[in-house]
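Predicted model only: the values in this text are computed from it and were never measured. In what follows, chains carry the letters A, B, and so on, assigned in the order in which the sequence lines appear, proteins first and then strands, with residues in each chain numbered from 1.
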There are 2 protein chains.
Amino acid sequence: MQEIELLKEYKLKVTPQRIAIVELLKEHGHLSIAKMYELMKRRFPTVSLATIYKNIHAMMQSNFINEVKIVGQDSRYELTQPSHSHVVCKECGEIVDVDVSGSSLLKEVSQKTQFKLESSSFVFYGICRECLD
Amino acid sequence: MQEIELLKEYKLKVTPQRIAIVELLKEHGHLSIAKMYELMKRRFPTVSLATIYKNIHAMMQSNFINEVKIVGQDSRYELTQPSHSHVVCKECGEIVDVDVSGSSLLKEVSQKTQFKLESSSFVFYGICRECLD
DNA sequence: CTAAATGCAAAGCATTTGCAAATAT
DNA sequence: ATATTTGCAAATGCTTTGCATTTAG
């Protein structure tokens with residue numbers, strides 16, 4: 001199973017709960033804690049919220065997943081992916097990934113601020129195609 | 001006093017505590033709840049955290065201030081300004097404003113995603129000049 | 001004079017912690 | 001065999017709420 005290999009690469013012990021988390025993230029893309037808990041309970045009715053939190057924590061430590069902070073909503077978590085941005089629908093809450101060429105911005109910002117930049121987060125807010133109708 | 005006019009423009013009742021919040025935000029740029037509370041107590045030793053929260057809330061409602069969400073740190077609040085981005089130092093936590101031309105990105109994203117975009121948030125993470133030495 | 005803001009204490013929630021039992025390597 | 005993870009319950013901590021009093025318009 002691909003999930004198992006993935007976890008091992010990041011030196012995370014492979015447990016059924018962790019495999020499920022990876023599967024859910026692959027399937028849904030971005031999940032809040034509450035949503036992940038809800039989905040997890042369908043597979044492991046006795047799963048504990050504490051387990052979700054502990055795993056999110058461990059997975060963030062190892063950079064296996066990362067947090068997307070969104071204004072007006074709970075944070076979402078996603079499998080770590082090559083640099084990409086997020087587009088949020090203010091109506092239905094849906095989050096979409098989008099690849100944008102932010103490298104010129106990076107350069108511009110580091111020149112203007114003299115910072116040594118390591119990462120960046122672009123979030124776009126609006127209304128999605130479906131909600132526009 | 002300029003602070004009073006500002007508050008009135010946004011239809012916020014002018015109280016000494018609110019004037020102080022505006023002054024602090026003008027002086028410091030971006031403040032967390034905790035930091036704002038700490039600074040406020042120097043002027044109003046009896047100020048309540050609840051008052052801070054209530055005012056932050058009211059000021060966000062009227063779009064007088066807005067929230068900047070940052071990975072790994074408490075949210076900061078700033079006076080609403082024309083579109084600009086934030087650069088965060090992972091070492092000392094300092095936040096710097098920077099003007100970047102994101103309009104071409106906006107266009108690119110709305111074309112790719114078919115969203116009707118309303119706003120965007122760019123946050124850059126790195127190490128500031130001082131912390132690099 | 002009326003409606004809103006303040007400060008305090010209590011209530012609410014999300015997140016974390018401690019610990020015994022179960023599980024992974 | 002050992003260290004880690006799990007699930008539960010308790011504890012923590014941030015944020016909100018209710019209410020009497022004060023203040024702004």
Legend entry - B/Glu23 vs B/Arg43, salt bridge (charged side-chain N to carboxylate O under 4.0 Å, His left out): CA-CA, chis, key distance, verdict: CA-CA 11 Å; B/Glu23 287 173 352; B/Arg43 306 187 185 198; 2.3 Å; yes

Inset, instruction - Step by step, work out the salt bridge (charged side-chain N to carboxylate O under 4.0 Å, His left out) result for B/Glu3 and B/Lys26. - result: CA-CA 9 Å; B/Glu3 280 75 25; B/Lys26 279 191 174 178; 3.3 Å; yes

Inset, instruction - Between protein and nucleotides 18-25 of chain C, map the contacts as a letter string: B base, S sugar-phosphate only, - none, heavy atoms under 4.0 Å, written 5' to 3'. - result: BB----BS

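Aromatic ring pairs are classed by plane angle as parallel below 30°, tilted from 30° to 60° and perpendicular above 60°; the pair B/Phe122 and A/Phe122 is tilted.
Atom pair B/Asn55:CG and C/dG7:P shows a separation of 9 Å (rounding to whole Å applied). Spacing between atom CD1 of B/Ile4 and atom P of D/dA24 amounts to 11 Å, rounded to whole angstrom units. B/Ile56 places its CD1 atom 14 Å from the P atom of C/dA5, with the value rounded to the nearest Å. When rounded to the nearest whole Å, the span between NZ of A/Lys41 and C1' of D/dT6 equals 16 Å. Going from atom CZ of B/Arg18 over to atom P of D/dT23 covers 15 Å, rounded to whole Å. Note: CZ (B/Phe44) to P (C/dA5) measures 16 Å, nearest angstrom. Atom CE of B/Met40 and atom C1' of C/dG7 are 12 Å apart (whole Å). Spacing between atom CD of B/Gln17 and atom C1' of D/dA24 amounts to 12 Å, rounded to whole angstrom units.
B/Thr46 comes within contact range of the sugar-phosphate backbone alone, with a heavy-atom separation under 4.0 Å but no base atom that close.
Shown for residues 57-76 of chain B: residues whose heavy atoms fall under 4.0 angstrom of DNA chain D, namely B/His57.
Environment of NE2 in B/His84: crowded, with over 12 heavy atoms of neighbouring residues, nucleotides or ligands closer than 6.0 Å.
Applying the side chain to side chain contact (heavy atoms under 4.5 Å, CB included) criterion to B/Ser104, with sequence neighbours excluded, gives no partner residue.
Heavy atoms only, all atoms of each residue included: B/Asp74 and B/Ser32 are closest at CB-CB, 4.2 Å.
Geometrically, A/Lys41 engages A/Tyr37 in a cation-pi contact, judged by NZ or CZ lying under 6.0 Å from the ring centre and within 45° of the ring axis.
In the hydrophobic clustering of this structure, B/Leu105 groups with A/Leu117; members are Ile, Leu, Val, Met, Phe, Trp, Tyr whose side-chain heavy atoms approach within less than 4.5 Å, directly or through other members.
If you check the side chains of A/Ser75 and A/Glu67, you find a donor sitting under 3.5 Å from an acceptor.
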